[in-house]
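This report refers to the structure that appears directly beneath it.
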Amino acid sequence: MTRQNYLDELARELAFLPADEAQDVLLEFASHIDDAVARKPELGEAEILQSLPHPSVIAAEYRSETGAGQAGQAGRLPGDTCGSDQEKPSDGSAERSGNQRYHDDGPRGFRLFKQFFRYTDGEEQEIEEEFAGIQRLEISGVSADINLSPGAACACRINGYWDEDSAPRLEVSGGRLCIQLGPNADEAEFSLPPELVELVIKTTSGDVEGEVNEGAAVRVQSTSGDVNLTIAAGLVDISTASGDIDLEGVIGDATIRTASGDVSLVGLQAGLKAVTASGGIDAAFEVVTADAVISTASGDISVNLPSDDRPSLVAVTVSGDISVPDGRVRSRPGRSSCEISGGDVELRINTLSGDIDIEYDD
Amino acid sequence: MEDSEYTAEDLARAVDKWRGQSRKGFLELCILRCVQNNRRIYGFAIMEAMQRIGMDMSEGSLYPLLARLVKEKSLLAAWETPVEGHPRKYYTLSLFGLDFLDQIERLYLADHHVYVQLSAKGRNA
């Protein structure tokens, strides 16, 4: 059996899935086989394919996991593998029409497949534009890095290798500028106008960095991109799945969430809610102006507090250690805690398995 | 029937059945945790990572499970093509996935804790 035979067979078995889903599965198995062959070159393709589950087993698992297939199975009996594929005309117009499902046409499905293996070969493109009166800026990107800086007017410069379909889209309505960078932008620079009120950024793997104007509310959502910003005054809401978050000079209330990214906050003068699963959190407050919560599942937490106007403190860890100057740490199996009262506002810190380290400025 | 009357096959079948029932949720927990640990990772690398720590997992279980986790919005998936090499589908944890993992991990650890206490009691008795 060759790689192509295996994938053709799998394509036939996956006929019950919508075409785009089946395509995705085929691509993923092609990628998997490439990885397996590259990792064990001594085995050779045939042996690698032999070690994979039979396509019908894989298809059965997809059927039970995704609950798909009820509609697509109607005309198909188990074992009906239909040997007449080659005689069917591979006419592209029929392919995407109708109910958008594959029939027994494994090889045909591989046209889309090839698109994935094409590399970008166009020339570098650039968009440079200026806008007036923008109060709300929304940027969504995939892998482009996004660079921000305060400026006299709202302006952007976007570089990348896109074609007509994947070009960035810019849309202005009222005081709102909406920019979709698209999958092929590499870099985007923005100059933020003084009148900016709200900045919303969504990115998959691109980093977000730079400086945001005083007073603008900032919301950033990133999957794996890092967020590295100097921010002053204004609400701040930043979440990432795995990207690190580094913020400096946060004066407004801040909400920070990440799954596995590390968080570093310097020069905080605000209320704070920071939550991570496995990422560590370093937070340095200049002044604690409102109640604050810092919480992790397994990340370590280190907090630096001003020595004047100390907040009340409640720190709890299930299996980690707590270090607090002048604080009495009570430990019993399964819980260490430290409580200090008397402040105007309260800082709560909790973690399951992380350590907590608190320091006061000299 | 007499207590001693069973064949090796009876036992194997019962163990297999138990394993099938108990494993699915556990596998899901492991995969989510593996994605979280690695931040972004593709299927083949997940299999390798799990094999290294002693868990054999077939392609036939892994990829359909990943597909479901994407459908349920615990995982995000994106194709990436490096300058050299073939495209790979990378998975990352979504914010929903993060909270979901956080909760099911607690449930799993709580269950595990119950069993550890139970078996410790048994040994002390």
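Just so we're on the same page: letters track the sequence lines, and every chain starts at 1. Heavy atoms only: backbone and side chains are in, while hydrogens, waters and symmetry mates are out. Predicted, not measured: the structure shown is a model, and the values here were computed from it.
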Please classify the contact between [X] and chain B as side chain, backbone, both or neither, with a heavy-atom cut-off of under 4.5 Å.
{"X": "A:Ala38", "answer": "neither"}
{"X": "A:Thr240", "answer": "backbone"}
{"X": "A:Thr258", "answer": "backbone"}

Donor-acceptor pair between B:Gln103 and B:Asp99 side chains, under 3.5 angstrom: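 No, no side-chain donor-acceptor pair sits under 3.5 Å.
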Donor + acceptor pair across side chains of B:Gln117, B:His113 (<3.5 Å):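 Yes - a donor-acceptor pair under 3.5 Å links their side chains.
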Contact winner vs chain B - A:Arg39, A:Gln221, A:His54, heavy-atom pairs under 4.5 Å: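 When all of A:Arg39, A:Gln221, A:His54 are compared, A:Arg39 has the most.
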Greatest number of heavy atom pairs closer than 4.5 Å to chain B - which of A:Ile58, A:Val25, A:Val142, A:Asp244: A:Asp244
B:Tyr63-A:Tyr62 aromatic ring centre distance below 6.0 Å: no
Side chain, backbone, both or neither of [X] within contact of chain A (heavy atoms, under 4.5 Å):
{"X": "B:Glu72", "result": "neither"}
{"X": "B:Tyr90", "result": "neither"}
{"X": "B:Leu65", "result": "both"}

Side-chain heavy-atom pair A:Lys40, A:Glu47 within 4.5 angstrom cut-off: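 In short, these two side chains do not touch, never coming nearer than 4.5 Å.
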Qualifying residues under side-chain contact (heavy atoms from CB on, under 4.5 Å), relative to A:Asp145, sequence neighbours excluded: A:Asp207
A:Phe16 six-ring centre to A:Arg63 NZ/CZ under 6.0 Å and within 45° of normal: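 A:Arg63 over A:Phe16 ring: yes.
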